[in-house]
Amino acid sequence: MNSLRTCVFPCAGFGTRFFPATKVIPKEMLPLVDKPILQYGIEEARDSGLDKLIVVTSKGKETIFDHFDRTAELERSLRERGKDELLAEVDAVSRMVDLIAVRQKEALGLGHAVLTARDAVGNEPFAVVLPDDVILAEVPALSQMRSVFEDTGRPVVALMEVSEEETSRYGIVAGELVSERRFRVTEMVEKPKENPPSPYAIIGRYILPPDIFPLLEKTQQGAGGEIQLTDAMAELVRQGDFYGYVFEGTRYDAGEKLGYLKATVDYALRHPKLGREFREYLKDAVL
Ligand code: UTP
């Protein structure tokens, strides 16, 4: 079994749920307190031991790469003005990672975005992180899933328990819990209107084998004319053991307005420099 070192970040969508803010600014670059949303995903991957990071983008998303690049002029100016603390912060981001850029020429869906990264990934297992699914966790969610992958050598998706009313908004797994958090998946049901097979929804973290690529190639355009990752994963489920992991942590859908606000509040409350004052402010604001 090849070890896991690669992570793909699909960032080529239009972000329509966050219009008009994301008409020009990529949603991955919206700030969550003081870091762009994508940086949380990048840090999660890095803290989970992954160092080959591939970002799938589209036209107009160049700022993503600029953010993780050196900014010589800015650094010089900060140095000259003796702003050492700011300089250290800017420098840490520039040195954090080297990103590999892959361009999705048409937004044909998440499955297509992953397929676009095929050559960059190569013949190895890889993780996929959807940056707008932000997960606040003590142990990075990807790291929790990685343990299952290393134990079984099989694909793993992140699972979250949702209420019965919410199941119609997610891909839901069928199967059984085989230990406290490990779930053996036997089927995936996309947005069930009734009788969900379990309360566990698939969230934007996946560990997949390269065998997914030929399946994605064969996958027809499904719901909304898009090539769905779920359709290819459903085929993988039919071919062998497939696991879900009910991660420990809180997930926010920062790709839509309310989820973004909730994430902002929770991250701000935990921020080492802003948290205390922000808590005081909130107390007054909601009274
Ligand atoms: P989403 O549906 O959450 O993102 O796709 P979106 O399409 O950008 O946003 P809305 O629904 O219009 O508001 C899940 C992930 O897949 C990526 C998105 O960037 C997001 O991270 N994606 C989606 C692609 O990279 N390419 C696509 O063709 C579609």
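On a predicted model such as this, the values are computed, not experimentally measured, just so you know. Values reported hereafter were calculated over all heavy atoms of this structure, with side chains retained and with hydrogens, waters and symmetry mates removed. Atoms within a ligand are numbered from 1 in the order they appear, just like the ligands themselves. Quick note: residue numbers are just sequence positions, from 1.
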Does ligand 1 have any N/O pairs with the protein under 3.5 Å, and how far apart?
{"from": "ligand 1", "atom 1": "3 (O)", "to": "Arg17", "atom 2": "NH2", "distance (Å)": "2.9"}
{"from": "ligand 1", "atom 1": "4 (O)", "to": "Lys27", "atom 2": "NZ", "distance (Å)": "3.0"}
{"from": "ligand 1", "atom 1": "8 (O)", "to": "Phe14", "atom 2": "N", "distance (Å)": "3.2"}
{"from": "ligand 1", "atom 1": "8 (O)", "to": "Gly15", "atom 2": "N", "distance (Å)": "2.9"}
{"from": "ligand 1", "atom 1": "8 (O)", "to": "Lys27", "atom 2": "NZ", "distance (Å)": "3.2"}
{"from": "ligand 1", "atom 1": "9 (O)", "to": "Gly15", "atom 2": "N", "distance (Å)": "3.4"}
{"from": "ligand 1", "atom 1": "9 (O)", "to": "Lys27", "atom 2": "NZ", "distance (Å)": "3.3"}
{"from": "ligand 1", "atom 1": "11 (O)", "to": "Arg17", "atom 2": "NE", "distance (Å)": "3.2"}
{"from": "ligand 1", "atom 1": "12 (O)", "to": "Thr16", "atom 2": "N", "distance (Å)": "2.8"}
{"from": "ligand 1", "atom 1": "12 (O)", "to": "Thr16", "atom 2": "OG1", "distance (Å)": "2.5"}
{"from": "ligand 1", "atom 1": "13 (O)", "to": "Thr16", "atom 2": "N", "distance (Å)": "3.0"}
{"from": "ligand 1", "atom 1": "13 (O)", "to": "Thr16", "atom 2": "OG1", "distance (Å)": "3.4"}
{"from": "ligand 1", "atom 1": "13 (O)", "to": "Arg17", "atom 2": "N", "distance (Å)": "2.7"}
{"from": "ligand 1", "atom 1": "13 (O)", "to": "Arg17", "atom 2": "NE", "distance (Å)": "3.0"}
{"from": "ligand 1", "atom 1": "19 (O)", "to": "Pro10", "atom 2": "O", "distance (Å)": "3.4"}
{"from": "ligand 1", "atom 1": "19 (O)", "to": "Ala12", "atom 2": "N", "distance (Å)": "3.4"}
{"from": "ligand 1", "atom 1": "19 (O)", "to": "Gly13", "atom 2": "N", "distance (Å)": "2.9"}
{"from": "ligand 1", "atom 1": "21 (O)", "to": "Pro10", "atom 2": "O", "distance (Å)": "2.7"}
{"from": "ligand 1", "atom 1": "25 (O)", "to": "Ala12", "atom 2": "N", "distance (Å)": "2.9"}
{"from": "ligand 1", "atom 1": "26 (N)", "to": "Gln104", "atom 2": "OE1", "distance (Å)": "2.7"}
{"from": "ligand 1", "atom 1": "28 (O)", "to": "Gln104", "atom 2": "OE1", "distance (Å)": "3.4"}
{"from": "ligand 1", "atom 1": "28 (O)", "to": "Gln104", "atom 2": "NE2", "distance (Å)": "3.3"}
{"from": "ligand 1", "atom 1": "28 (O)", "to": "Leu108", "atom 2": "N", "distance (Å)": "3.3"}
{"from": "ligand 1", "atom 1": "28 (O)", "to": "Gly109", "atom 2": "N", "distance (Å)": "2.8"}
{"from": "ligand 1", "atom 1": "28 (O)", "to": "Gly109", "atom 2": "O", "distance (Å)": "3.4"}

Quick test of your reading of the model: are Arg146 and Glu44 salt-bridged, counting only N-O distances below 4.0 Å?
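So Arg146 does not pair with Glu44 through a salt bridge.
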Between Arg95 and Asp91, does any side-chain N to carboxylate O distance fall below 4.0 Å?
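Yes, this pair counts.
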Do Leu229 and Val189 belong together in a cluster built from hydrophobic side chains that touch within less than 4.5 Å?
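No, Leu229 and Val189 fall in different hydrophobic clusters.
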Check whether the ring centres of Tyr252 and Tyr260 lie less than 6.0 Å apart, and answer yes or no.
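Tyr252 vs Tyr260: aromatic centres not under 6.0 Å.
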Flag if over 12 foreign heavy atoms under 6.0 Å of CZ, Phe14:
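Not buried by this count: 12 neighbours or fewer within 6.0 Å.
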Under the ring-ring contact (aromatic ring centres under 6.0 Å, His included) rule, what pairs show up with a residue in residues 160-203, not counting sequence neighbours?
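Residue pairs passing ring-ring contact (aromatic ring centres under 6.0 Å, His included), neighbours aside: Phe183-Tyr200.
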